[in-house]
**Q** 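Handing you this structure, nothing more for now.
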Number of protein chains: 4
Amino acid sequence: MDMVADVAAAGKVVIDFSADFRLRSRDCYEDYYEQHRQADLLPVAVYGLPELHREEIRKTDVIAVPGCYPTSAILGLAPIAAHGAISMEGIVVSSASGVSGMGRRAQLPAVFTECNEDARAYSIGNHRHTPEIEQEIGALAGREITVLFVPHLIPLTRGIVTTIYTSLVRPATSEELLGVYEQFYAGEPFVRVRGLSESVSPKPVAGTNFCDVSVRVDERTNRAIVLTALDNLGKGLSSAAVQCLNVRFGLPETMGLDAPPRWP
Amino acid sequence: MDMVADVAAAGKVVIDFSADFRLRSRDCYEDYYEQHRQADLLPVAVYGLPELHREEIRKTDVIAVPGCYPTSAILGLAPIAAHGAISMEGIVVSSASGVSGMGRRAQLPAVFTECNEDARAYSIGNHRHTPEIEQEIGALAGREITVLFVPHLIPLTRGIVTTIYTSLVRPATSEELLGVYEQFYAGEPFVRVRGLSESVSPKPVAGTNFCDVSVRVDERTNRAIVLTALDNLGKGLSSAAVQCLNVRFGLPETMGLDAPPRWP
Amino acid sequence: MDMVADVAAAGKVVIDFSADFRLRSRDCYEDYYEQHRQADLLPVAVYGLPELHREEIRKTDVIAVPGCYPTSAILGLAPIAAHGAISMEGIVVSSASGVSGMGRRAQLPAVFTECNEDARAYSIGNHRHTPEIEQEIGALAGREITVLFVPHLIPLTRGIVTTIYTSLVRPATSEELLGVYEQFYAGEPFVRVRGLSESVSPKPVAGTNFCDVSVRVDERTNRAIVLTALDNLGKGLSSAAVQCLNVRFGLPETMGLDAPPRWP
Amino acid sequence: MDMVADVAAAGKVVIDFSADFRLRSRDCYEDYYEQHRQADLLPVAVYGLPELHREEIRKTDVIAVPGCYPTSAILGLAPIAAHGAISMEGIVVSSASGVSGMGRRAQLPAVFTECNEDARAYSIGNHRHTPEIEQEIGALAGREITVLFVPHLIPLTRGIVTTIYTSLVRPATSEELLGVYEQFYAGEPFVRVRGLSESVSPKPVAGTNFCDVSVRVDERTNRAIVLTALDNLGKGLSSAAVQCLNVRFGLPETMGLDAPPRWP
């Protein structure tokens, strides 16, 4: 936190992986984390998701790279939040992450014999990634929203698959909503909207900066189900920072990020 | 379907793994499956979940063993459905199953190189297991309910982990709801209610007839999150049938089912 | 080491999981481990493999349960070592173990993200389990033998699969050698000799006290290839100790060990 | 086989993935495969391993890309075979491959529930890849050699790890032999010789054209143990063909093959 302030004060650009400058509200930050010692920088910092903040990223010196889970939730919810016709009540974000999401540390719950052949929900309702999702989706929707975020640990090395459940304010079809997504992400180099017959899963995005997104309507319960997948070490971490760097310095946005996935 | 009728007509007891006699409504069956040729037997058949239908199982000659996903959903929802104070609107059942749930067949999506390091939602909103869940929970709640059921495939051999999201009609705490669960399942040999500091996952139930269950309240969004785990080849299949057999013939209910799990 | 001596001095029976009383030679122990402070007990101790030492186990008060790797190597080599017609020069024991072989500890090499999608040889030529194998096989062969033992770590939770390569002193067929194995293990409750069309692997022995064994002759290179598989936490650890306990106290040898495997 | 002949007759260059032109001896081919209908082309064809045949590859129109297992065995044995001081008797090549080595087909043995938590030897002593290894290593050694090759299937998606056991004709140290390997592979872009404290395993080569190689001497048994690892879909298949293409057409040998591995 202090290092970011020092570097910014020296006139350099900071692309920060920590959570310290992701939340615009100091109160919210202090609810979920600790006291904020550099709150003066909060109005300067930009949330490092080029799909939502490309122009602001170009002009700021403090870029706060999103968490891995929030990227998968925000890119999934953004099109229908901006579209406005969708109820923002009762949104459930149900995510599953591979073990690399726990970091590369010697800890018993990450040991192979514990994780393999197992899967579990954790941090139910109080995961620190929740306020990032609410901040970004609320801004797009133009009003405060509340999200229930429940992460799960599953036995894979890398990858996040997120399923989002929301109500619809008026009936819609899967095709209509897919059209909303395709329009919203038209021209985006790293968001791929998947069709009705395609599944959305971590393997086709492993090792890349892609986030795959799709949506289905369950007409019987009048719900939208949004599906997203990304590599938590790619678009969910390091390559997201490279994308921000490219945007900030006027480089081609895909520079260094165009290696193809290993899987169709 | 016809064999069940023949065997029942011969005065024998049938414990049926198929879906043919699980649904009480012929219309509902025909919506999701095919024409029912033995509908006369539907009033006789009992849904083979002893935790809900023990006395009826003792007296019937046609026991319809539940599907693996429905067992995990119904045992998770039953206590709060019976409790009545819980909103039955907008229930989302989000499940994840291992690959053995696909059956033991040579099919490309089940091949190791396809499933390993991957995870995906499938059959969104139209999975045939949905009506079983609605039938059983609706009966406990005393009114029609609608459930959105979304299954996922994850890379494990056996096991189902289900996370259920429901609204609360009035505020409650995790402790209060856990009390409801403990009371509902008091004395049940195969349902284990897990406490607040315990996780619920497939490994501790692998190879057993146990279903582990727990519940959390997210007070911020006024939601209950129910967690269940079972072995889809155990309580979700074969050992469930053995439990029904024991109940039906007056044997000790745990006979043949008391091998300890391999994992604490 | 000292506790074993204390307990034995108190007239109790010790079934010891450590390596302290497995090797009859104090020098050999001290080469591979540390100074032996209870060498007086070495002549009393019996190597806890009932298939080779059943009568001695009945009469001793210090039973040294074998390591997991040695059980898989010794049971694989014993029939041809006792048979005598097989060259004991140039034996290579190439084993692969799951991650539970590393113990249940928080250590980086055991973490899922490190082990999954990887496999490696380790402790090449200097693994502490080597002298146990040489002691037991040398005793059966009636002369000193030298074994090259190379363990590998592979991404499974439990299980050891061992492939042993040896020269033949005179030509033989797979069928002949299989006959030698069947005769040697006739009546053994926990060693299953597998035929030519069957494979030998950890899954069918997981959670059991079985060791599966088979042998093939490669006539082109005049070699025998011995295959064994066991559960490193079963016949390779805890259930092996139970088997010793049963033998020592005159209980049925399979008592507590007759749960069927989960896999055909 | 016939298509290769047609294309070569048309004056084009063929880079062939099949086994049809890998073996120089028609008899040997027919022993392991079928009748050879294009034996006239055998003297023209070159084994597509640039590390051994770079100059011949530049000049031929029929390049036979090696099998995945043979690449791992030949690159492991080549330096000591060429060095001459090493006994070529009694070589054992013990390999383990991930499931992608079985091809992308719906077949029961490749299904996740069968492979996961299992490992097994197969095709013991009669695998069709054996003669390629003997041909290439025999040519380097200057005399006929015989290799016992035993492949294993282990639960990973991609990767081969090979451990080779050979006798030494005179004592040597690990350091000496490592020096032989470093000299043999000096300047090779895709073979990385690993030091004594480094392990050799599939993860650091996944998705690349690298083959990692190392060697240890077990002085007690006077054996060399050679370790190699590669990606069976990379240096073991497609990227090997790209490397041959680059060599054949005078392109930079690493063109299209310089993406870094995902793992250190």
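All values below were derived from every heavy atom in this structure, side-chain atoms included, with hydrogens, water molecules and symmetry-related copies excluded. A, B, ... follow the sequence lines: proteins, then strands. Residue 1 opens every chain.
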**Q** Looking only at heavy atoms, which two atoms of C/Ser201 and D/Ala119 are closest? And how far apart?
**A**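 So the two residues come closest at CB-O, 3.0 Å.
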
**Q** Given a strict heavy-atom distance threshold of 4.5 Å, which part of D/Val217 is in contact with chain C: side chain, backbone, both, or neither?
**A**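 Contact with chain C is absent: no heavy atom of D/Val217 under 4.5 Å.
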
**Q** For D/Ala121 and C/Leu227, work out which heavy atoms get closest and say how close.
**A**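 Heavy-atom minimum between the residues: CB-CD2, 3.9 Å.
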
**Q** Evaluate whether atom CD of C/Gln183 has more than 12 neighbouring non-hydrogen atoms of other residues, nucleotides or ligands under 6.0 angstrom away.
**A**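 No - once you tally the heavy atoms of other residues, nucleotides and ligands closer than 6.0 Å, there are 12 at most.
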
**Q** Please indicate whether D/Glu144 has more than 12 foreign heavy atoms, meaning atoms of other residues, nucleotides or ligands, lying under 6.0 Å from its CD.
**A**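 It does not: D/Glu144 CD has 12 such atoms or fewer within range.
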
**Q** Could you state the interatomic distance from CG (C/Leu148) to OG1 (D/Thr221), rounded to the nearest 0.5 Å?
**A**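 Between atom CG of C/Leu148 and atom OG1 of D/Thr221 there are 4.5 Å.
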
**Q** As an exercise, state the distance from CG of D/Asn222 to OG1 of C/Thr146, rounded to the nearest 0.5 Å.
**A**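 Rounded to the nearest 0.5 Å, the CG-OG1 separation comes out at 11.0 Å.
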
**Q** Counting only non-hydrogen atoms closer than 4.5 Å, does C/Thr130 touch chain D with its backbone (N, CA, C, O), its side chain (CB onward), both, or neither?
**A**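 For C/Thr130, the side chain is the part near chain D, not the backbone.
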
**Q** Where the side chain of C/Arg223 meets the backbone of D/Gly90, is there a donor-acceptor pair that is under 3.5 Å apart?
**A**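 Pair found, side chain donor or acceptor close to backbone of D/Gly90.
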
**Q** Rounded to the nearest 0.5 Å, what's the gap from OH on D/Tyr165 to CD1 on C/Ile124? Could you check?
**A**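 So the gap between those two atoms works out to 8.0 Å.
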
**Q** Please determine if C/Arg220 and D/Glu134 form a salt bridge, counting it only when a charged side-chain N lies under 4.0 Å from a carboxylate O.
**A**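 Yes, C/Arg220 and D/Glu134 are salt-bridged.
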
**Q** Which heavy atom of D/Leu156 sits nearest to which heavy atom of C/Asp118, and what is that distance?
**A**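 Of all heavy-atom pairs spanning D/Leu156 and C/Asp118, the closest is CD1-N, 3.6 Å.
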
**Q** So does D/Asn116 get a backbone contact from the side chain of C/Lys203, meaning a donor-acceptor N/O pair under 3.5 Å?
**A**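 Yes, C/Lys203 side chain to D/Asn116 backbone: donor-acceptor pair under 3.5 Å.
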
**Q** Applying ring-ring contact (aromatic ring centres under 6.0 Å, His included) as the test, list every pair that has at least one member in residues 96-123 of chain D; sequence neighbours left out.
**A**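 ring-ring contact (aromatic ring centres under 6.0 Å, His included) check on residues 96-123 of chain D returns B/Phe112-D/Phe112.
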
**Q** What distance do D/Asn126 atom CG and C/Arg216 atom CZ have between them, rounded to the nearest 0.5 Å?
**A**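 Nearest 0.5 Å value for the CG-CZ distance: 10.5 Å.
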
**Q** Find the one option among C/Pro202, C/Ser94, C/Ser167, C/Ala229 whose heavy-atom pairs under 4.5 Å with chain D are most numerous.
**A**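 It is C/Pro202.
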
**Q** Assess whether side chain to side chain contact (heavy atoms under 4.5 Å, CB included) is satisfied between C/Glu117 and D/Thr157, documenting all intermediate values.
**A** CA-CA 7 Å; C/Glu117 291 296 301; D/Thr157 300; 3.2 Å; yes

**Q** Considering only heavy atoms, which portion of C/Ile160 lies under 4.5 Å from any heavy atom of chain D: side chain, backbone, both, or neither?
**A**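 Neither part; nothing is under 4.5 Å.
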
**Q** Between C/His152 and D/Thr163, what is the shortest heavy-atom contact and its length?
**A**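 Closest pair (atom of C/His152, atom of D/Thr163, distance): NE2-OG1, 2.8 Å.
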
**Q** Mind ranking C/Val92, C/Val161, C/Ile154 by heavy-atom pairs under 4.5 Å with chain D and telling me who comes out on top?
**A**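 Most heavy-atom pairs within the cutoff with chain D belong to C/Val92.
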
